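First the structure, in the form of C-alpha cells, and then the observations on it.
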Amino acid sequence: MELFLDIASWILMSLGGVFVFIGGLGALRMPDLYTRMHAAGITDSIAPILIIPGLMLQAGLTLASVKLLAILVFLLLTGPTASNALASAALLAGNRSEQVKSTAVPESEE
Amino acid sequence: MTVIFGFFLLTLLLITAVAIVQSQNLFVSVMLSGMFSLLLAVNFFLLDAADVALTEAAVGAGISTVLLLSALAITAKHEKAPSSSRVGALIIVIIATLVLIYATLGNPQFADPNAPVHQHVAPWYLDKTAEAIDIPNVVTAVLGSFRGYDTLGEVFVVFTAGIGVLFLLGTQPGPFAQSNPFKLTDPKGLRHYLIPRVVGRMLIPFILLFGLYVQFHGEYGPGGGFQAGALIAAAIILFALLEGENSALKVIPRSVLIGLIAGGALLYGVVGLFGIFLGSNFLDYSVLSSNPVKGQQMGLLIIEAGVGITVTGVLLSIFHAFAARGKF
Amino acid sequence: MYYVVTFALIITMALALTRAILGPSVYDRVLAVNMLGTKTVLLLSVIAFLMGRPDFLDLALAYALINFIGVFAVLEFFRNRAAKQPEEKP
C-alpha cells in the first residue's frame, strides 16, 4: 500500500513537473501576449492539480494535507482571476492579438 | 542538493537585480522587483528561515507592488537620464566591492557549525526557550522576549516611517486632491469587472482569517505581528481596490488608522512599563502573571498584537495617503 | 522523488524570468510575474516536503492567498491611466 501510494504520488508529481515545463516553454516561445497567457495558464491550473495531490498522498491525513487542499483551492480561484484581470488590463490599453488585428474589431465598451 | 538549488536561485536573484537597475521604464522595474521578492522568499526558505520568508511573502506579494504602483501613478513613466558623469560613482563602487570581497575572506565557511553565530548566545536561547517561555518557535521567543528591546525599536521604526510618509503626503485629501485634474472621475474601484470582484470579495474573509491565524499562531509556527499586520492590511487594500478607496475608508476611517498606528506602539510600550510597575525590569513579562512562564506567554501575545496593530495601521495609512494624492 | 519536480519548477522560474526581462510589452512582464508567483507557491510546497518540514506550508498558503492582489493593482493602474489619457497630453 505504501509503495502504491509512493508510485502514484511520483507519477502525479512528475506529470505536474512536465506540464510546468511545457507551460514555461510556451510562455517563452509563443508569438503574442494572449497565446503566452494561454501557455502560462497551463502552469496555473493543471500543474497544481497534479503536484499538490501528489504531495497530499505523501502527507496522508494530517494538517499538512488540509493546508495543501486550501493552497490548491486558492490557487485554482486566484490564477484564472489574475489572468482575467491581466487580459482586461491589456485589452483596455489597446493591446490586440496579431491574429485578431487583421479582422475588424469593434472598440471595447470600457 | 538544496545548496545547488540555492545557488541557482541566487543567480536568478542577481540577474533580476541587474535587470531592475538596467531598466529605464519604471513600471518594468516595479514588476521585476515583485519577482525579486518572490525569489528572495524562496531563498530564505531554503536557508530554513521560515519567519523571515513569511515576512517577505506577506509584504512583497501584494502590498509592495500596490504601494510602488500607487507611487508610480503620481510620478513620471520613465527614469530620468543621469545628468552628470558616472566615473566618480563607478570608482567608489569598485573600491567598496573590493573591500567587501576582502571582508568575506574572514567569514566562516558556509554552514560551518563552529561559526561564532552558532557559538555565542544561540545555544543559550535554544536551551532557555523551553524552560523560560515554553513555546516551540524559538524565533518568536528571541524576538519578543529575549530581545524585546530590539523589536520595540523596530516597531518604533515602522511607526516613524509611517509618520514620515504621512508628513510628506498628508493625512487628509487636501484642496489639491479635489481640484486635481488627474483625479479619477469614477472612484468606484473595479466594480465593473465582475470576475475579479466576485473572487476577490470571496477571498477577503479568508485572508483576514489567515492573518489572525498567523498573528496568534506565531508562538507555534512561523509568523507573528509583522506578518499578520501585513496580511490584514493586504486584505483591506484588496477591498479598497475592488470597491473603491472611499468604501475602504468607511470601513476603517483615517482617524481610526492614526489611532491604530499610535495605539499598537503604545500597547507594546505599556506592557514594558507594567514590568517596571510590578517590580521587575522594562519588558520583563515574567511578572505579568503569578506563573512566570504564563506571564511570558501572555506578554508575547500582547506585544505581538501591538506590533500587528501598528503595522496594519501604517501600511493602510500609506496606501490611503498615496490614494488621496491623486488616483488609484 | 521531489527533486524532479523541484528542478522543473526552478527551470520554469528561469524561463519566466527570461520572459519578464525580454518583455516586449509591460503585460508580458506582468504575466511573467504572475506565473512566477504560482510557481513559487508550488516550489515552496515541494521544498517544505523536501526538507521534511510540512508545518512550514503557511508560507505557500500566504502566497496563494495574496499574490494576485498585485495583478488587480496593475488593472487599476491601467484603468486610471486610460481614464486620464486625454488630459495627460500636454
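Chain letters run A, B, ... following the sequence lines, proteins first, then strands; residues in each count from 1. Keep in mind that this is a model prediction, so the values were computed, not measured. Side chains included, hydrogens not; waters and symmetry mates left out as well; all remaining heavy atoms used.
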- prompt: Would you call C:Asn67 and B:Leu38 a side-chain contact if the rule is heavy atoms closer than 4.5 Å?
  reply: yes

- prompt: Quick one: what part of C:Leu17 sits under 4.5 Å from any heavy atom of chain B, side chain, backbone, both or neither?
  reply: both

message: Please tell me whether B:Phe27 and C:Phe78 form a close aromatic pair, meaning their ring centres lie under 6.0 Å apart.
response: yes

- request: Identify the heavy atoms of B:Gly62 and C:Ile69 that sit nearest to each other, and give their distance.
  value: CA-CB, 4.3 Å

- prompt: What part of B:Phe206 lies closer than 4.5 angstrom to a heavy atom of chain C: side chain, backbone, both or neither?
  reply: both

query: How about C:Val74 and B:Met31: do any of their side-chain heavy atoms sit closer than 4.5 Å?
result: yes

field: Engaged part of B:Tyr213 at the chain C interface, taking heavy atoms whose separation is under 4.5 Å
entry: side chain

query: Given the options B:Asn25, B:Leu39, B:Asp48, B:Ile15, which has more heavy-atom pairs under 4.5 Å with chain C than any of the others?
result: B:Asp48

statement: Highest number of heavy-atom pairs under 4.5 Å with chain B among C:Ile21, C:Leu43, C:Leu65 belongs to C:Leu65

- request: Check each atom of B:Ser23 against the heavy atoms of chain C and say whether the ones under 4.5 Å are side chain, backbone, both or neither.
  value: neither

field: Under 4.5 Å from a heavy atom of chain C, the part of B:Leu46 involved
entry: both

task: Name the region of B:Ala19, side chain, backbone, both or neither, that has any atom closer than 4.5 Å to a heavy atom of chain C.
output: side chain

